[in-house]
Novice: 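This structure is in C-alpha cells; I'll ask about it shortly.
Note that the structure is a prediction, hence the values are computed from the model and not measured.
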Amino acid sequence: MRATIRIGSRGADVQYLQNQLNKLLSPSPNLRADGDFGMRTYKAVQRFQTLKNLGVDGVVGPKTWEGLKERIVPPPVANAPSINSANTPWMTIAANEKGQLEVPGSLHNPRIVEYHAATSLQATNDETPWCSSFVNWCLKQASINGTNSATAASWVSWGQAASSQYGAIIVIYKPSAANSSLTSSGNHVGFLVEETATHYKILGGNQSDQVKESKFPKSSWQLKAMRWPLAS
C-alpha cells in the first residue's frame, strides 16, 4: 500500500502520482513528473478528486490511490459552460459591491436587504447572515439562477462540480464558526479569488460584516464544495 502524500511530499510515489494524473485526466494537466508535490500537482489532485466524487482535500490517501487505477470518463453536461471558462460576469458584479456593510443599531443597509430579496427567506434586516443571499443576488444580476436559498449549504449540490479556479462558487465549513456573526451553521459561501497551499481567498458578503475579499485558512476551514453554473 502506498503512503499518504500531500503538498510538500517528495519521492517515487509523487512521481507515480504525477504520471497517473497526466494519463487519467482529460485534458492532461501536463505535470512534470519530478517527484515534487507542488501546487500544480495539488490542483490536479483536487480536480481528480472532484471528478471521482472523492473528498476534495488535495491529499492522496487510500481512496484516491484506488481511484487512480481507473480512467476518468466524466459524463457530459448538455450546454454546460467550460469549467475553464474565463467568462465570469458575476465576479465583476460582486467586485462592484465591495464596501457594502452592515449598519450598526436599528437601521439596516438597504443594499443588503436587496441581497436577501434574491432568496425565498427575504429577510428585512442586515443582521441575518447574508453570504448566500449575496451570491444569489450577484448571479441573478448576471441572469443566472442561483439556489434561491439563504443557507450556504444549499450551494453544495448546485450547478456542476468545479476544480479550483477564479470565480468558482466555494462552500467552506468551520464547526466553531457556527452561531457567529459570519454564519449560523458553520458554513460559508462566496466566490473563489485564489487558492494557495494554506488559504482560500474569497470575495463574499458578510465577511467582517461587509462585502470584501478575505483569506480563510485551510487549517481551520474545511472545503465542502466548489461549483460552477450550468448554461441556461
Novice: Could you see if Leu54 belongs to whatever hydrophobic cluster contains Ile7? Use Ile, Leu, Val, Met, Phe, Trp, Tyr and a side-chain cutoff under 4.5 Å.
Specialist: yes
Novice: Would you mind reporting whether Val211 and Leu101 have side-chain heavy atoms less than 4.5 Å apart?
Specialist: no
Novice: Mind checking whether Phe134 and Tyr115 have ring centres under 6.0 Å apart?
Specialist: yes
Novice: Does Lys140 have more than 12 heavy atoms from other residues, nucleotides or ligands lying within 6.0 Å of its NZ?
Specialist: no
Novice: Do Gln207 and His188 have a side chain donor and acceptor closer than 3.5 Å?
Specialist: yes
Novice: Kindly give the heavy-atom pair with the smallest separation between Ala44 and Leu25, and that separation in Å.
Specialist: O-CD1, 3.7 Å
Novice: What about the rings of Trp228 and Trp90, do their centers lie closer together than 6.0 Å?
Specialist: yes
Novice: Would Val189 and Ile172 count as a side-chain contact (heavy atoms from CB on, under 4.5 Å) here? Give the steps.
Specialist: CA-CA 7 Å; Val189 64; Ile172 54 178; over 6 Å; no
Novice: State, without any angle test, whether Asn136 and Ser133 hold a side-chain donor-acceptor pair at a distance under 3.5 Å.
Specialist: no
Novice: Under the side-chain contact (heavy atoms from CB on, under 4.5 Å) rule, what do Thr124 and His116 come out as? Steps first, then yes or no, please.
Specialist: CA-CA 7 Å; Thr124 57; His116 281 311; over 6 Å; no
Novice: Measure the OG-CH2 distance between Ser149 and Trp158 for me, rounded to the nearest 0.5 Å.
Specialist: 13.0 Å
Novice: Quick check: do Val193 and Met91 have side-chain heavy atoms less than 4.5 Å from each other?
Specialist: yes
Novice: Give a yes or no on this: more than 12 heavy atoms of other residues, nucleotides or ligands lie within 6.0 Å of atom CG of Asn96.
Specialist: yes
Novice: According to a 4.5 Å side-chain heavy-atom criterion applied to Ile, Leu, Val, Met, Phe, Trp and Tyr, with indirect links allowed, do Leu223 and Tyr173 form part of one hydrophobic cluster?
Specialist: no
Novice: Would you check if Ile202 and Ser214 make a side-chain contact, meaning some heavy-atom pair closer than 4.5 Å?
Specialist: no
Novice: What closest approach, in Å, do Gln18 and Gly35 show between heavy atoms, and which atom pair accounts for it?
Specialist: OE1-N, 3.0 Å
Novice: Considering only NZ, NE, NH1 and NH2 on the basic side and carboxylate oxygens on the acidic side, decide whether Glu195 and Lys201 come within less than 4.0 Å.
Specialist: no
Novice: Will you find, in the side chains of Ser163 and Gln46, an N or O donor that is under 3.5 Å from an N or O acceptor?
Specialist: no
Novice: In terms of relative ring orientation, are Phe216 and Trp221 parallel, tilted or perpendicular, with 30° and 60° separating the classes?
Specialist: perpendicular
Novice: Quick check: does any side chain N or O of Gln141 sit under 3.5 Å from a backbone N or O of Trp137, one acting as donor and the other as acceptor?
Specialist: yes
Novice: Using a 3.5 Å cut-off and no angle test, enumerate the donor-acceptor pairs between side-chain atoms of residues 56-64 and protein atoms at least two apart in sequence or in another chain.
Specialist:
residue, atom, partner, partner atom, Å
Asp57, OD1, Gln49, NE2, 3.2
Asp57, OD1, Val59, N, 3.0
Thr64, OG1, Gln49, NE2, 3.1

Novice: Does Leu31 share a hydrophobic cluster with Phe48, counting links as ILVMFWY side-chain heavy atoms below 4.5 Å and allowing steps through other members?
Specialist: yes
Novice: With a 4.0 Å cut-off on N to O distance, would you call Glu213 and Lys98 a salt bridge?
Specialist: yes
Novice: Applying side-chain contact (heavy atoms from CB on, under 4.5 Å) between Trp130 and each of Asn206, Val135, Asn109, report the one that passes.
Specialist: Asn206
Novice: For a 4.5 angstrom cut-off between non-hydrogen side-chain atoms, does Glu194 reach Tyr200?
Specialist: no
Novice: Return the minimal non-hydrogen interatomic distance between Trp155 and Ile169, and the atom names on each side.
Specialist: CE3-CG2, 4.0 Å
Novice: What's the shortest heavy-atom distance between Asn19 and Ala33, and which atoms?
Specialist: OD1-CB, 3.4 Å
Novice: With no hydrogens and no angle check, is any side-chain donor or acceptor of His108 less than 3.5 Å from a backbone partner on Ser106?
Specialist: yes
Novice: So, for Asn30 and Asn22, which heavy atoms are closest and what is the spacing to 0.1 Å?
Specialist: N-OD1, 3.2 Å
Novice: Do Val113 and Asn125 pass the side-chain contact (heavy atoms from CB on, under 4.5 Å) test, and can you show the C-alpha distance, the side-chain angles, and the key distance before you say yes or no?
Specialist: CA-CA 6 Å; Val113 174; Asn125 61 71; 5.8 Å; no
Novice: Evaluate the criterion side-chain contact (heavy atoms from CB on, under 4.5 Å) for residue pair Asn145 and Leu139; output intermediate values, then yes/no.
Specialist: CA-CA 7 Å; Asn145 292 325; Leu139 291 176; over 6 Å; no
Novice: What distance separates Met39 CE from Asp36 CG, expressed to the nearest 0.5 Å?
Specialist: 11.5 Å
Novice: Can you hop from Ile112 to Val103 via hydrophobic side chains spaced under 4.5 Å?
Specialist: no
Novice: Cation-pi between Arg2 and Trp65: NZ/CZ under 6.0 Å from ring centre and within 45° of the ring axis?
Specialist: yes
Novice: Got a sec, which pairs hit salt bridge (charged side-chain N to carboxylate O under 4.0 Å, His left out) with one end in residues 152-161, sequence neighbours left out?
Specialist: none
Novice: How close do Leu192 and Ser164 get, counting heavy atoms only, and between which atoms?
Specialist: CD2-OG, 3.6 Å
